Protein chains: 2
Amino acid sequence: MNIVQEESRRGRKKLQRRTLLIEIARRSIATKGLRSLKVRDVAEAAGCSIGSVYNEFGYFDGLILTVNRETVQALTARLTAVPADDPLRQLHGLADAYLGFATEHANLLRSLFEHRMEDDRPFPEDILAMVMDAFALMHAPLVRLLPDRDPDDVALLSRMMFSAVHGIISLGLEERMVAVPPEMLRERLAQFVDTHLAGLGVTRGNQV
Amino acid sequence: MNIVQEESRRGRKKLQRRTLLIEIARRSIATKGLRSLKVRDVAEAAGCSIGSVYNEFGYFDGLILTVNRETVQALTARLTAVPADDPLRQLHGLADAYLGFATEHANLLRSLFEHRMEDDRPFPEDILAMVMDAFALMHAPLVRLLPDRDPDDVALLSRMMFSAVHGIISLGLEERMVAVPPEMLRERLAQFVDTHLAGLGVTRGNQV
DNA sequence: ATTCTTCTTGAACAATGTTCATTTTCGTAT
DNA sequence: ATACGAAAATGAACATTGTTCAAGAAGAAT
């Protein structure tokens, strides 16, 4: 048998269906939320048996984790697409990009952060690492804005800032507990970033 | 029959068991997480039938919601216990109290924020209101620190600040995706509050 | 064509939420 | 005290959903 899956006929079909399953699951999570995702629904929608889902992902959580993995990737792609020319604008761009992604894919993002493993199965390392990396994207522009600070300090600072942004957005987007009215969220977020930067001693025109 | 439940013998027993059920559920959530809470476990631990749980709470989510309701109450109690003498110290106290509660009751707090209703049953209004109230507790001290600002502005500001704190803490406490190392969390949080206040133009000694 | 490997299937099982007819409990009226 | 009836408790039965696996189908290798 060929090692490379894409080259064998069998492998192509398998991969094709794997993609289909993921796509179906993602769509379901995005529209109806993680809680109403069911194996049988996914299998039926994909036109295959329940067992095939298990062949492909091992256990049902595996499918969810795969969707989540791709969610971080999509998020990261969006965040890294933010122009890095001006560090201050980049920070705002990052916050804004996160807000945009969270708005458009609220349920997917929730699935990423709220999904708990069954029993005490370990949470996949790679997803963890990817989320960390995404949250570290504020590091580079902050370093440029704060050249005199201890780098370790800035590293923590950037993750804190991103965590704060995450908190504001994730609570702000909950229609349930509207911490901040959605319309205002965008500008408020920008204001928040500015305020915090001001607190860090960064004033407009301070960048390298 | 007596209207007041506490006064009838039957009512006393009923209430007693209700309390027991809640206590068992809370303990289970706190130690093993929301996902592994099962009706049968709760019923068995309480020494009653499954049906009784349903008699008491209507549906299983009802029990969870009751626990969550009491979680917000406990959180609020802890937050309102923070001394209000000095507004700056109060803000730090609130952030610290939240961190303390989140550390001691990580799973309970997660249950509060992560629990999703089945299908599209509406999220209980009262819990929502209580969470909002808790998040508004930074309002009073901020008003004192920023007497010249538009009150509506300060209202939003306070909820944003609390949301930010929430984000930092909830991500920081996830062992899964350690955004900030736990040991440092406390001092970093204080630093965050200070930085943000500085950005708002508040310097030490600025309070009324 | 034959054989071997791999994948697919879906029935069966297991775990869990939910219902409800029956039984039990218990306050109240006689 | 007894009988009656409302309220509560019960748990078997059911519904839903995750999981397994023996048997069969499909594809690759020779």
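Convention: sequence-line order gives letters A, B, ...; per-chain numbering from 1. Quick caveat: nothing in here was measured; it's all calculated off a predicted structure.
Applying the 4.0 Å criterion to OP1 and OP2 of C/dT9, one finds that A/Ser52 has a side-chain N or O inside that range. For the pair B/Arg17 and D/dA9, the criterion of a side-chain N or O lying under 4.0 Å from OP1 or OP2 is met. Proximity of A/Lys13 to the phosphate of C/dC7: no side-chain N or O atom is located under 4.0 Å from OP1 or OP2.
Salt bridge A/Glu114/A/Arg35: absent, no basic N to carboxylate O contact under 4.0 Å. Using a 4.0 Å cut-off between charged nitrogen and carboxylate oxygen, A/Arg116 and B/Glu174 count as a salt-bridge pair.
The CZ atom of A/Phe57 sits 16 Å away from the P atom of D/dT20 (whole-angstrom rounding). When the P atom of D/dT17 is taken as reference, atom CZ of B/Arg35 falls 15 Å away, rounded to whole Å. Rounded to whole angstrom, the span from the CZ atom of A/Arg18 across to the P atom of C/dC7 amounts to 13 Å. Remark: P of D/dA26 and CD of A/Gln16 are 17 Å apart, rounded to the nearest angstrom. Taking atom CD of residue A/Glu56 and atom C1' of nucleotide D/dG18, one finds them 18 Å apart after rounding to whole Å. Summarising the geometry, the separation between CG on A/Leu34 and P on D/dT17 is reported as 14 Å, rounded to the nearest angstrom. One atom, CD of A/Glu44, and another, P of C/dT9, lie 13 Å apart when rounded to the nearest Å. Atoms NZ (B/Lys14) and C1' (D/dA7) sit 9 Å apart, rounded to a whole Å.
When heavy atoms are screened at a 4.0 angstrom cut-off, A/Leu63 is found touching no nucleic acid atom at all. Backbone-only engagement by A/Phe60 is indicated by non-hydrogen atom pairs under 4.0 Å involving sugar-phosphate atoms exclusively.
Listed nucleotides C/dT8, D/dG18, C/dT18 differ in distance to A/Lys38; the shortest reach to its side chain belongs to D/dG18. Comparing D/dA8, C/dT18, D/dT20 against the side chain of B/Glu118 picks out C/dT18 as the nearest. The side chain of B/Ile50 lies closest to C/dT18, out of D/dT19, D/dG18, C/dT18. Among the nucleotides C/dT18, C/dT8, D/dA8, the one closest to the side chain of B/Asn55 is D/dA8.
Nearer to the 5' terminus of DNA chain D, by closest-nucleotide assignment, is the contact made by B/Gly51 (compared with the other of B/Gly51 and A/Val39). The nearest heavy atom of DNA chain C to A/Cys48 and to A/Arg40 marks one nucleotide each, and the one closer to the 5' end goes with A/Cys48.
Counting non-hydrogen atoms of other residues, nucleotides and ligands closer than 6.0 Å to CD of B/Glu44 gives a total of 12 or fewer.
Nearest heavy-atom pair, A/Tyr98 versus A/Phe113, reported as atom, atom and distance to 0.1 Å: OH-CE1, 3.5 Å.
Taking CD of A/Glu70 as the reference point, atom CD1 of A/Ile127 lies at 10.5 Å (rounded to 0.5 Å).
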